[in-house]
Colleague: 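Quick one: the structure is below, questions incoming.
These numbers come from the heavy atoms of this one structure, side chains and all, not from hydrogens, waters or symmetry mates.
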Amino acid sequence: MDIEKIVNEEKQKDYFKQLARFVNSRYINSTVYPPKEKLFACLKTCDMNDVKVVILGQDPYHQRGQAMGLSFSVPRGIKVPPSLVNIYQELHDDIGMDIPIHGDLTAWAKQGVLLLNTVLSVEDSNPNCHRGKGWEIFTDRIMSELNNYDKPLVFLLWGKPAQEKARLITNPKHLLLKTVHPSPLSAYRGFFGCRHFSQANAFLKQNGRTPIDWRIEA
């Protein structure tokens, strides 16, 4: 997958030009996360030609210092947010993983886990405020390209905005798993006990792909 070519194609489209004008103006007039240079970090950190698992969330964290361009991930030294605390708890319950002491998920991305959100920017203390501005069209394109991937992938769609993209995953080669968002508001309604991590690795093994080492080293 030539992700640079795909992104450049989208940037030429009217919707993206309008989106770029909006996002750039908000960076000037408000506090926007993640830092501008990390807007597309998820597509750069993960090798898009060796994706194995796609974890799709909603939009970036909306407090200072948290968002780093990878869904659910925060830099080392930043307190682990409640949603990620719940993800770690499910990992512990599912596969027995020790609870990490930090929230940097770069190690997952380096193994082929695409940490994508449906919307790639947000303003300080105003979750979901960039919804409906064009990011969804862009991430639809990414998901559609992944659907055409010739190797079996696992798609983990967490929360309603993420689940709306299930319509794009039509390739029978892939495994599609859906549940509620891991936030404290919804985790007890199906995220806990979903066992998505063990299911993902079992599917990868069955299809001759190396499973993900979900452990986060200190």
Side-chain angles (χ1 to χ4, degrees), residues 3-4 6-46 48 54-88 102-106 108-109 113-146 156-165 168 180-187 191:
I3 191 62
E4 190 171 332
I6 292 166
V7 172
N8 286 334
E9 286 176 359
E10 293 304 295
K11 285 182 176 180
Q12 302 307 311
K13 297 178 180 178
D14 288 342
Y15 89 87
F16 198 98
K17 292 176 181 178
Q18 185 174 344
L19 169 64
R21 286 193 295 270
F22 167 76
V23 172
N24 287 334
S25 71
R26 299 315 296 154
Y27 271 107
I28 293 169
N29 296 302
S30 184
T31 301
V32 178
Y33 306 128
K36 198 172 185 179
E37 67 274 12
K38 294 185 178 179
L39 272 175
F40 301 103
C42 65
L43 303 177
K44 298 175 181 178
T45 309
C46 177
M48 296 300 289
V54 180
I55 295 180
L56 187 63
Q58 179 176 290
D59 64 343
Y61 293 124
H62 54 85
Q63 298 298 321
R64 184 174 300 278
Q66 292 181 321
M68 55 184 291
L70 308 177
S71 65
F72 299 106
S73 182
V74 295
R76 290 172 183 255
I78 297 295
K79 183 180 178 181
V80 178
S83 292
L84 186 52
V85 169
N86 289 339
I87 291 169
Y88 285 167
H102 66 84
D104 186 350
L105 305 180
T106 301
W108 291 359
V113 180
L114 176 61
L115 297 165
L116 182 66
N117 280 312
T118 61
V119 171
L120 302 189
S121 60
V122 71
E123 293 176 37
D124 186 80
S125 303
N126 194 4
N128 227 15
C129 64
H130 286 190
R131 186 177 185 183
K133 303 298 183 181
W135 280 126
E136 293 90 345
I137 303 172
F138 177 77
T139 52
D140 273 3
R141 172 72 191 276
I142 300 300
M143 293 290 282
S144 294
E145 293 291 337
L146 289 165
L156 308 182
L157 309 187
W158 296 346
K160 186 176 179 181
Q163 291 179 32
E164 289 172 355
K165 294 198 188 294
L168 302 170
V180 297
H181 195 276
S183 82
L185 297 174
S186 55
F191 184 79

Colleague: How long is the straight-line distance from CE of M68 back to CZ of R76, given to the nearest 0.5 Å?
Modeller: 9.5 Å
Colleague: Taking NZ in K17 as the centre, count heavy atoms belonging to other residues, nucleotides or ligands within less than 6.0 Å. Is the count above 12?
Modeller: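 Yes - once you tally the heavy atoms of other residues, nucleotides and ligands closer than 6.0 Å, there are more than 12.
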Colleague: Hey, does I142 have a side-chain heavy atom less than 4.5 Å from the side chain of I3?
Modeller: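 A side-chain contact exists here, since the closest heavy-atom pair is under 4.5 Å.
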Colleague: Output the distance between atom CG (D14) and atom CG (L19), rounded to the nearest 0.5 Å.
Modeller: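 Going from CG on D14 over to CG on L19, the span is 12.5 Å.
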Colleague: Looking only at heavy atoms, what is the nearest atom pair of P82 and P184, with distance?
Modeller: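 Heavy atoms only, the tightest pair is CB-CG, 3.4 Å.
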Colleague: F191: what forms a ring-ring contact (aromatic ring centres under 6.0 Å, His included) with it, not counting sequence neighbours?
Modeller: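 With sequence neighbours excluded, F191 shows a ring-ring contact (aromatic ring centres under 6.0 Å, His included) to W158, given in chain and number order.
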Colleague: Measure the shortest side-chain to side-chain distance between F138 and F40 over non-hydrogen atoms and say whether it is less than 4.5 angstrom.
Modeller: yes
Colleague: Ignoring hydrogens and angles, state whether a donor on the side chain of T139 or K165 is under 3.5 Å from an acceptor on the partner side chain.
Modeller: yes
Colleague: Could you name each residue pair satisfying side-chain hydrogen bond (donor to acceptor under 3.5 Å, both in side chains) that touches residues 56-75, not counting sequence neighbours?
Modeller: Q63-S125
Colleague: Which heavy atom of G65 sits nearest a heavy atom of I78, and at what distance?
Modeller: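 It is O-CG1, 3.3 Å.
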Colleague: So how far is it from L146 CG to M48 CE, rounded to the nearest 0.5 Å?
Modeller: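 Separation between the atoms: 5.0 Å.
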Colleague: Is the shortest heavy-atom distance from the side chain of C42 to the side chain of L114 under 4.5 Å?
Modeller: yes
Colleague: For atom NZ of K13, decide whether the heavy atoms of other residues, nucleotides or ligands shown that lie under 6.0 angstrom number more than 12.
Modeller: yes
Colleague: Taking all non-hydrogen atoms of both residues, which atom of V119 and which atom of P60 are closest, and how far apart?
Modeller: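 Reported closest heavy-atom pair: O-CD, 3.3 Å.
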Colleague: With the threshold set at 4.0 Å, does a side-chain nitrogen-carboxylate oxygen contact exist between E145 and R141?
Modeller: yes
Colleague: Are E164 and R131 within salt-bridge range, i.e. N to O under 4.0 Å?
Modeller: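 Salt bridge between E164 and R131, a charged N being under 4.0 Å from a carboxylate O: yes.
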Colleague: Ignoring hydrogens, what is the shortest heavy-atom contact between C129 and N126? Give both atom names and the distance.
Modeller: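 Reported closest heavy-atom pair: SG-O, 3.1 Å.
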Colleague: Determine the minimum heavy-atom distance between F22 and K133, stating which atoms define it.
Modeller: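 The answer is CE2-CG, 3.6 Å.
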Colleague: Can you name the closest pair of heavy atoms from G57 and A162 and give their distance?
Modeller: O-CB, 4.0 Å
Colleague: Any side-chain heavy atom of L157 within less than 4.5 Å of one from M143?
Modeller: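 The answer is yes; the side chains approach within 4.5 Å.
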Colleague: What I'd like to find out is whether the side chain of N117 reaches to under 4.5 Å of the side chain of W135, using heavy atoms alone.
Modeller: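 They are not in contact (no side-chain heavy atoms under 4.5 Å apart), so the answer is no.
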Colleague: Find the distance between CD1 (I55) and CG (L105) and round it off to the nearest 0.5 Å.
Modeller: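 Here the rounded value is 7.5 Å.
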Colleague: Quick one: CD on Q163 to CG on L56, what's the gap to the nearest 0.5 Å?
Modeller: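 With rounding to 0.5 Å, CD (Q163) is 10.0 Å from CG (L56).
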Colleague: Look at atom CD of E4 and say whether more than 12 heavy atoms of other residues, nucleotides or ligands are closer to it than 6.0 Å.
Modeller: no
Colleague: Could you check whether H130 and Y33 have their ring centres less than 6.0 Å apart?
Modeller: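 So the answer is no for these two rings.
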Colleague: Return yes when atom CD of Q18 has more than 12 non-hydrogen atoms of other residues, nucleotides or ligands closer than 6.0 Å, and no otherwise.
Modeller: no
Colleague: Contact between S30 and D124 at the side-chain level, heavy atoms closer than 4.5 Å - yes or no?
Modeller: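 Result no, sub-4.5 Å side-chain heavy-atom pair not found.
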Colleague: Q12 versus F16: any side-chain heavy-atom pair under 4.5 Å?
Modeller: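 No; the side chains remain at least 4.5 Å from each other.
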Colleague: Just how far is it from atom CG of L84 to atom OG of S183, taken to the nearest 0.5 Å?
Modeller: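 Result: 12.5 Å between the selected atoms.
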Colleague: Using a cut-off of 6.0 Å, state whether more than 12 heavy atoms not belonging to N8 lie near its atom CG.
Modeller: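 Result for CG/N8: enclosed.
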